[in-house]
Amino acid sequence: MSHKMRDLISLDSVSAAEIMAILDLAAQQKRDPESYLSRPVLRGKAVGLFFEKASLRTRLSFEVAVAQLGGTSIYVGQEAGRIGEREAIVDMAKSASRYLDAFVLRTFKDETIVEMARHATKPVINGLSDKQHPCQILADLQTIRERLGRIEKIKVAFIGDSNNVCRSLAHALPKFGSQLFVASPHGYTFAPGFVKSSGITQVAAPVDAVKDADVVYTDTWTSMGQENEAHKRRAMFQDYQINAALLSHAPKAIFMHCLPAHRGDECTDDVIDGPQSVVYDQAENRLHAQRALLTLLVS
């Protein structure tokens, strides 16, 4: 991997070739578990999981991936408080770098991960922040390639809040000549100046986004840390639900959701449980993509 990939902070600064290297290794390891079980590249190594937010898939997939590679994961959860409050991030990063071989952070502020990477001497992985979710998108790209046979020159429709998942899709898809159509209500679109690629189109009506899409994607209307906005957001996003009527405009598309889902809000049961849904493939591929990422970064 190149020097840029000493850390994975954002897909914005990662090349298409580097993403493909991760996906190729993930696919190989998924097909042939013996390829990593017989060569435990993390034997004798420790990975710290620093999580400010509750987690199911991110925590489980990283802990399992580290174990499958022969390493040890050490979880530092919400009870420890927010990173940088108890002590300066520079002190934490430099001290923990003496013990750990990699960091995985799941935080509120994007700046927390950037600051950790600035001072740590070991790889830092963005497990999620309020602005980015690169590990999720690696798993999504792996899922899309498995189902469609390619990630190049496809159309992805994202319906809902232009959140961290949507931003990371916007960073990744144009690198492969693919289009991202985002349908969001007023006030929940990308911030001015964020969209720099011709591969990203923002529309108001969900039907304009999903028509002839290869992938239809949504996420929760209210993310962690926004609970006090839940009532307002539910009202604003009522017309942005993925249901059978909307999905009928993309009959050949796969339906994606990073989970957890609020069934009955952003998507209906018949969609998430329906034949076009690949949400559990996405969840499984978090393990494979992250195991490949750890293999390349740490070993």
- Message: Among D214, L23, V156, T143, exactly one meets side-chain contact (heavy atoms from CB on, under 4.5 Å) together with I151. Which residue is that?
- Response: L23
- Item | Donor + acceptor pair across side chains of Q29, T295 (<3.5 Å) | yes
- Query: Looking at F51, is R59 sitting on its ring face, NZ or CZ under 6.0 Å from the six-membered ring centre and within 45 degrees of the normal?
  - Reply: no
- Message: Checking side-chain polar atoms at under 3.5 Å, does T58 have a donor or acceptor matched by the opposite partner on R106?
- Response: yes
- Query: Mind checking whether Y99 and I74 have side chains closer than 4.5 Å, heavy atoms only?
  - Reply: no
- Are any of the side-chain heavy atoms of L42 and D101 separated by less than 4.5 Å? no
- What's the shortest heavy-atom distance between A209 and A157, and which atoms? O-CB, 3.3 Å
- Item | Pair R118 + E111, salt bridge at N-O below 4.0 Å | no
- Do you know the tightest heavy-atom contact between V216 and A213? CG2-CB, 4.3 Å
- Item | Exercise: do E266 and T218 side chains pair donor with acceptor under 3.5 Å | no
- Item | Criterion salt bridge (charged side-chain N to carboxylate O under 4.0 Å, His left out) against D130, the qualifying member of R167, K109, K53 | K53
- Task: Using the test ring pair (Phe, Tyr, Trp, His ring centres under 6.0 Å), find all partners of F50 that sit at least two apart in sequence or belong to another chain.
- Result: F103
- Do S248 side-chain atoms and A245 backbone N/O form a donor-acceptor pair below 3.5 Å? yes
- Under 3.5 Å, side chain of E34 to main-chain N/O of D32, donor-acceptor pair present? no
- Considering non-hydrogen atoms only, spot the tightest contact between A27 and R145 and give its length. CB-NH2, 4.3 Å
- Item | Closest non-hydrogen atom pair between Q132 and S10, with its separation | OE1-OG, 3.5 Å
- Item | Sequence-distant partners of F181, ring pair (Phe, Tyr, Trp, His ring centres under 6.0 Å), two or more places apart | none
- Message: Run the side-chain contact (heavy atoms from CB on, under 4.5 Å) test on E18 and K175 for me, step by step, so that the C-alpha distance in whole Å, both residues' side-chain angles and the decisive distance to 0.1 Å come before the verdict.
- Response: CA-CA 11 Å; E18 289 168 327; K175 298 178 189 293; over 6 Å; no
- Please name the pair of heavy atoms, one in I22 and one in A289, separated by the smallest distance, quoted to 0.1 Å. CG2-O, 3.8 Å
- When hydrophobic residues are tied together by side-chain contacts of less than 4.5 Å, even through go-betweens, does L49 share a cluster with L293? yes
- Query: If you look at every heavy atom in R291 and K30, which pair is closest and at what distance?
  - Reply: NH2-N, 3.9 Å
- Query: Where do I144 and I254 land on the side-chain contact (heavy atoms from CB on, under 4.5 Å) test, with the steps shown first?
  - Reply: CA-CA 8 Å; I144 291 170; I254 57 174; 4.2 Å; yes
- Given the rule in the side chain to side chain donor-acceptor pair (under 3.5 Å) test, do R234 and H231 qualify, once you have shown the distances and angles that lead to the verdict? CA-CA 5 Å; R234 186 171 287 110; H231 181 74; 5.3 Å; no
- Would you confirm whether the ring centroid of F237 sits within less than 6.0 angstrom of the ring centroid of Y188? yes
- side-chain hydrogen bond (donor to acceptor under 3.5 Å, both in side chains) with Q276: which residues, sequence neighbours excluded? none
